[in-house]
Amino acid sequence: MQKILCSHIIAACVLLSGCNSSDKYADPNAINGDQYTGTWIAPAYGEAMVVERNRVLYYQYTSEYCIQSDTDNGSNADLEENYWQISVDQQRMRQVLSLYGIDQREPEYIKTDILPESCLQNLVKKKNESGYTADASRDFDFFWKMFYEYYPTFNKRNVDWESQRSELSVSLDANSSDETLFYALAEMIEPLGDSHVTVMLDGSDDEGVNFTRGVTLIDRITEEYISNNGSIDNDQQYSQYLSYLEEQSELVDQIRLSYASDIENIKQAANGNLTWYINSDNIGYLGIENMIFFSGDNTDDISFVEEIDALQSAMQQAMSDLTDTSGLIIDIRKNPGGFDGASQLIARYFLDSERELYSKQARLGDSRTELEVYKLQPVNNSYTKPIVLLTSAMTTSAAEVFALMMRNLPHVTLIGESTQGALSDVLSKSLPNGFKIDLVNEYYLSPEGDFFEVEGVPVDYIREFGTETQRLNHMDDAIELAIELLN
């Protein structure tokens, strides 16, 4: 699961307090709605807003192209009621999601006099809008410009974006089909190996393509299935493969739970995304399967407050049960991410003091935006006994941010595999033909300035996750080593 950002798209995301991330932001109670009106841009994100009294128009742009991406009316357009904060000088604004001591900040917008030049000179109509003209060549160029101007890690991924375009095997012109365009875009992103880069057909969340880095548990199971059964050439073989994949993935989960002293004492909460138990050596285990969906599985109406409320309740319950253990194993090896705020909330239960845990910037042309530092305070009676954090190549996005925070703590050891290397928030875009494009534009940095995008957050001890040998022997090498170290 990619990292979810609160924006006008997820209207249920709200604040419970007006906690400011910076002194430059005014007291929300001192702001009136008229101060939000005007034109605002987030140049590092290629986004613009025109705020009117009862309407907000949203734009996505590059230096050459622009589309109007969305419109909010009525209560959804009331930024004051939707907890946007505005700076003291009324020249900047943003949402800051603050609850239970967490600090999840949305992109900052700067006030300007007019929309970007491309929105004034080349505002492209979208599919289903009056005046829309299909043009696959134009849409490809729009896509290429998005990455050329905002994507930050071409060099780290050894990809020459201009050469990638010239070597494209698919021939495109204005009359090319959506299918041809889709294959061209897929060919463009494959060398990036970035699990946060996705191309989806006509806005679909189900039909799309992306590519991961490293060898994941799914890769291992797939390779052994093909080795034992041959290639997957038809629907029946694909169905059999999916059954095998599900069976082996469930076996990995059963093995992880088999280390409990009593199967009856395994507990779950937060919609099944938190699982915990204590083994016979009084070592605790806390499995965290997601950084989202704690209150339900409805992806169309995600409430940040409900999510964090559910997680807070589950964490209080889990840590109450685990508080007297002599050590703790935290397992995020199958965690695909979610909210950074969720990762922050969980991390607070293990801090030994207030700490700077990470910082972030966004690409801004050939430079970067101002560095933003994230500090957190521990909860009362936080758990500071020895901890082993288990990660894998499937640990992605907000789960990697959790690993980035935890590796700073003196009582934490990391075992497993380097994480996926996709820490940045997803930057969601659209093409005129309706394709949805996900890319990234940010730098997540450790307190020492380490940038783990691409290679992933490293571990102290390498142990592969869910190999065939481990499954056949009903063992988990990382848990075995964690128990040995904690004992």
Side-chain angles (χ1 to χ4, degrees), residues 1-5 7-10 42 45-48 57-71 116 118-119 122-154 157 159 161-162 164-212 299-300 397 422 424-441:
M1 177 73 193
Q2 63 202 17
K3 203 173 296 185
I4 302 291
L5 286 180
S7 67
H8 60 279
I9 297 172
I10 304 175
Y45 294 80
E47 296 178 352
L57 308 177
Y58 299 91
Y59 297 83
Q60 297 174 1
Y61 68 91
T62 68
S63 60
E64 293 187 19
Y65 300 94
C66 181
I67 62 171
Q68 185 183 328
S69 57
D70 207 352
T71 304
S118 60
C119 296
N122 195 20
L123 183 63
V124 180
K125 294 292 185 179
K126 295 187 302 179
K127 191 175 182 179
N128 300 324
E129 286 183 341
S130 176
Y132 167 75
T133 301
D135 186 336
S137 180
R138 173 204 62 206
D139 290 355
F140 178 88
D141 196 47
F142 195 173
F143 162 89
W144 189 87
K145 286 286 186 184
M146 289 177 189
F147 282 79
Y148 183 74
E149 296 179 5
Y150 302 114
Y151 192 74
T153 55
F154 289 123
R157 296 181 186 276
V159 174
W161 195 238
E162 295 189 56
Q164 181 70 3
R165 179 176 190 166
S166 64
E167 295 168 4
L168 187 67
S169 65
V170 178
S171 178
L172 283 172
D173 57 33
N175 298 316
S176 296
S177 66
D178 277 354
E179 181 180 11
T180 302
L181 176 61
F182 179 81
Y183 282 111
L185 302 186
E187 185 178 334
M188 288 294 292
I189 68 172
E190 183 176 9
L192 296 174
D194 188 337
S195 63
H196 268 169
V197 172
T198 307
V199 177
M200 284 167 280
L201 287 169
D202 200 12
S204 169
D205 290 330
D206 300 320
E207 297 182 66
V209 61
N210 75 345
F211 301 91
T212 58
T299 58
D300 296 326
S397 195
S424 172
D425 291 330
V426 170
L427 180 61
S428 292
K429 300 289 186 180
S430 299
L431 294 180
N433 73 337
F435 282 14
K436 180 180 175 183
I437 310 297
D438 285 344
L439 65 152
V440 298
N441 66 321

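Predicted model, so just to flag it, every value in this text is computed and none were measured. All residue numbers refer to positions in the sequence shown, counting from 1.
Counting only distance, with no hydrogens or angles, the side chain of K126 and the backbone of Q68 share a donor-acceptor pair below 3.5 Å. Checking side-chain atoms of N122 against main-chain N and O of Y65 turns up no donor-acceptor pair under 3.5 Å. Using modelled atom types, one side-chain atom of S118 and one backbone atom of T62 make a donor-acceptor pair closer than 3.5 Å.
Applying the salt bridge (Lys or Arg N to Asp or Glu O under 4.0 Å) rule to pairs touching residues 190-200 yields R157-D194, sequence neighbours excluded. Pairs of residues two or more places apart, or lying in two chains, that qualify as salt bridge (Lys or Arg N to Asp or Glu O under 4.0 Å) and include a residue from residues 136-148 are E64-K145, D141-R165.
For the atom pair CD1 (I189) and CZ (F211), the distance works out to 5.5 Å, reported to the nearest 0.5 Å. Here the straight-line distance linking atom OH of Y150 with atom CG of N441 works out to 9.0 Å at 0.5 Å rounding. Taking CG from L439 and CG from D425, the interatomic distance works out to 12.0 Å, rounded to the nearest 0.5 Å.
Legend: residues meeting side-chain hydrogen bond (donor to acceptor under 3.5 Å, both in side chains) with D135, ordered by chain and number and at least two apart, are absent. Applying the side-chain contact (heavy atoms from CB on, under 4.5 Å) criterion to P152, with sequence neighbours excluded, gives R363, V440, Y443. Annotation: side-chain hydrogen bond (donor to acceptor under 3.5 Å, both in side chains) contacts of Q164 (sequence neighbours excluded): none. Considering only residues two or more places apart in sequence or on other chains, F154 meets the ring-ring contact (aromatic ring centres under 6.0 Å, His included) condition with Y151, W161. In this view, D173 and N175, S176 satisfy the side-chain contact (heavy atoms from CB on, under 4.5 Å) rule, not counting sequence neighbours.
Annotation for C66 and Y59: closest pair SG-CD2, 3.9 Å, computed over non-hydrogen atoms. Considering all non-hydrogen atoms of both residues, F142 and S430 come closest at CE1-O, 4.4 Å. The two residues E47 and K429 have their closest heavy-atom pair at CG-NZ, 3.8 Å. In this structure, S428 and D438 approach most closely via the heavy-atom pair OG-OD1, 2.9 Å. Closest approach of Y132 and P432 over heavy atoms only: CE1-O, 3.5 Å.
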Atom pairs and distances, side-chain donor-acceptor, residues 180-188, under 3.5 Å, sequence neighbours left out:
unit_1	atom_1	unit_2	atom_2	d
T180	OG1	S177	OG	3.0
E187	OE1	S169	OG	2.5
E187	OE2	S169	N	2.8
E187	OE2	S169	OG	3.1

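Side-chain contact check for T71 versus L57: some heavy-atom pair is nearer than 4.5 Å. When side chains are defined from C-beta on, D178 counts as touching K127, because their heavy atoms get closer than 4.5 Å. Here the side chains of M146 and L427 are not in contact, with every heavy-atom distance at 4.5 Å or above.
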